[in-house]
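See structure below.
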2 protein chains.
Amino acid sequence: MVKSQSELTAGEWAIIQAVWDNEPCAAPTIQEELEKKTGWSYSTVKTMMDRMVAKGLLRTQRIRNLILYNSVITKKEAQRGEIMRAVKRAFGGAMTPMMQFLLDSKSLTEEELNQLEAMIKSKKEKAKK
Amino acid sequence: MVKSQSELTAGEWAIIQAVWDNEPCAAPTIQEELEKKTGWSYSTVKTMMDRMVAKGLLRTQRIRNLILYNSVITKKEAQRGEIMRAVKRAFGGAMTPMMQFLLDSKSLTEEELNQLEAMIKSKKEKAKK
DNA sequence: AATAGTACTCTACAAGTGTAGAGAAAGTCA
DNA sequence: TGACTTTCTCTACACTTGTAGAGTACTATT
């Protein structure tokens, strides 16, 4: 239940997504990758990455003259953190109301509903075992 | 689909929840209400509230010497905003992967799964009509 | 009118975040 | 070896957020 809350900012999300796709990778790689999306300069990206290292979100290894970055948290952990934040802030920490809200508010297609139903079914199967 | 993104900070969430429960209400009321939870002083609360007015999250009306606050956005809108932020950041905007994640990661009880299933069923009924 | 209480205004500050320029260091090629 | 390229380091700045003190204004009461 307790989680060492990895809450990422919008900028950190952008960075870490690129890292997940490329790790181990150098800062310039990430900068190039994000160029189109964000327009960030090299300095911007590098600064953010180094701050993320300080925070324990990324880790570096130096090979001669090059610094390679790796992610410390997995995508799943980060996603979980993001969801936990939302559910904590907006739904007082209660999961099912949030699920309900999602079902109610979002116009899910028939297709998606079927998918969900299937997911639930298999989930229940598994639980039964 | 497009939404004038109401993204609230943690502090703003605390404030606006109290406002929803009391509006129209004066700043001291909110401060008293949040005292236990947050320990914030009057100045802190007032400052945040006024910033939220500047941002268009709250609205004021002055009655003689007293300033009354009202929320501009509804709880549903704010909840929606919070979820949209999560889904946008962590799931590239795709709803179903997020739902799936929720089903997978969270150990929902049999009970909760049944509830969800029922929700989906009634949702599908409604869609059919 | 002087006092006390209540609510408001103004100002401030530290930490965090987005953003980036200028310059240093090291490797590469002519 | 000098010039160029690549990557890194250092420094900085504005804006947001959390946080609050000090002082002002208005009301009610003695």
Side-chain angles (χ1 to χ4, degrees), chain A residues 5-19 22-70 78 81-82 85 88-89, chain B residues 5-19 22-70 78 81-82 85 88-89:
Chain A
Q5 283 300 89
S6 33
E7 301 208 342
L8 308 195
T9 68
E12 287 168 348
W13 265 106
I15 300 277
I16 207 168
Q17 300 258 21
V19 172
N22 293 277
E23 66 188 323
C25 55
T29 309
I30 302 302
Q31 192 268 323
E32 283 157 28
E33 177 131 345
L34 293 180
E35 181 80 73
K36 283 145 242 164
K37 242 166 294 218
T38 65
W40 288 335
S41 73
Y42 171 77
S43 283
T44 300
V45 172
K46 187 68 162 73
T47 302
M48 293 184 116
M49 291 180 81
D50 287 341
R51 286 179 185 163
M52 288 171 77
V53 171
K55 281 193 190 178
L57 296 170
L58 300 180
R59 177 167 26 86
T60 58
Q61 97 205 72
R62 172 168 229 138
I63 295 183
R64 314 213 105 249
N65 210 29
L66 191 64
I67 295 175
L68 291 183
Y69 292 78
N70 285 276
E82 195 66 33
R85 154 155 74 186
K88 192 175 42 155
R89 287 196 187 170
Chain B
Q5 283 300 88
S6 31
E7 302 207 341
L8 308 194
T9 68
E12 288 168 348
W13 265 105
I15 300 276
I16 207 168
Q17 301 257 19
V19 172
N22 293 276
E23 67 188 321
C25 54
T29 309
I30 302 302
Q31 192 268 322
E32 285 157 27
E33 177 129 346
L34 293 181
E35 181 82 72
K36 283 145 241 160
K37 243 166 291 215
T38 65
W40 288 335
S41 73
Y42 171 76
S43 283
T44 299
V45 172
K46 187 68 161 72
T47 302
M48 292 185 116
M49 291 180 81
D50 288 340
R51 286 179 184 165
M52 288 171 77
V53 171
K55 280 192 189 179
L57 295 170
L58 300 179
R59 178 167 25 86
T60 56
Q61 95 205 75
R62 171 167 229 140
I63 296 183
R64 316 212 102 249
N65 210 28
L66 191 63
I67 294 174
L68 291 183
Y69 292 79
N70 284 276
E82 195 66 35
R85 154 155 74 187
K88 192 176 38 153
R89 286 197 188 170

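Residue numbers start from 1 in every chain, and the chains themselves are labelled A, B, ... in the order their sequence lines are given, proteins ahead of strands.
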Distance test, side-chain N/O of B:Lys46 to OP1/OP2 of C:dT11, below 4.0 Å: no

Euclidean distance, atom CG of residue A:Asp50 to atom C1' of C:dG18 [Å, nearest integer]: 15 Å

If you look at every strand shown and take non-hydrogen atoms under 4.0 Å, does B:Ala26 touch a base, only sugar-phosphate, or nothing? nothing

Any side-chain heavy atom of B:Tyr69 within less than 4.5 Å of one from B:Gln61? no

Donor + acceptor pair across side chains of B:Thr44, B:Thr47 (<3.5 Å): no

Tell me every residue that passes side-chain contact (heavy atoms from CB on, under 4.5 Å) with A:Thr38, counting only those two or more places apart in sequence or in another chain. A:Leu34, A:Trp40

Let me know the distance between CD1 of B:Ile67 and P of C:dT6, rounded to the nearest Å. 18 Å

Nearest-Å distance for atom pair CD/P, residues B:Glu7 and D:dT16: 14 Å

Just how far, in rounded Å, is C1' of C:dT19 from CE of A:Met52? 16 Å

Hey, does B:Ala10 reach any base, or is it just sugar-phosphate, or nothing, if we go heavy atoms under 4.0 Å? sugar-phosphate

Given atom CG of B:Leu8 and atom P of D:dT17, what is their separation to the nearest angstrom? 10 Å

side-chain contact (heavy atoms from CB on, under 4.5 Å), that's the test. Do A:Met52 and A:Ile15 meet it? Break it down for me. CA-CA 9 Å; A:Met52 288 171 77; A:Ile15 300 277; 3.8 Å; yes

Looking only at heavy atoms, what is the nearest atom pair of A:Ala18 and A:Glu33, with distance? CB-CG, 4.2 Å

Is the shortest side-chain N/O distance from A:Arg62 to OP1 or OP2 of D:dT9 below 4.0 Å? yes

Base-contact (B) and sugar-phosphate-only (S) positions in nucleotides 19-30 of chain D, heavy-atom cut-off under 4.0 Å, - elsewhere: BBBB---SS---

Spacing between B:Gln31 atom CD and C:dT9 atom P, to the nearest angstrom: 16 Å

If you compare all heavy atoms of B:Lys46 against all heavy atoms of B:Ala27, which two are closest, and at what distance to 0.1 Å? CD-CB, 3.5 Å

In whole angstroms, the gap separating P of D:dC8 from CD1 of A:Ile30 amounts to 11 Å

Shortest non-hydrogen contact from B:Glu7 to B:Glu12? O-OE1, 3.9 Å

A:Leu66 atom CG is separated from C:dA26 atom C1', nearest whole Å, by 12 Å

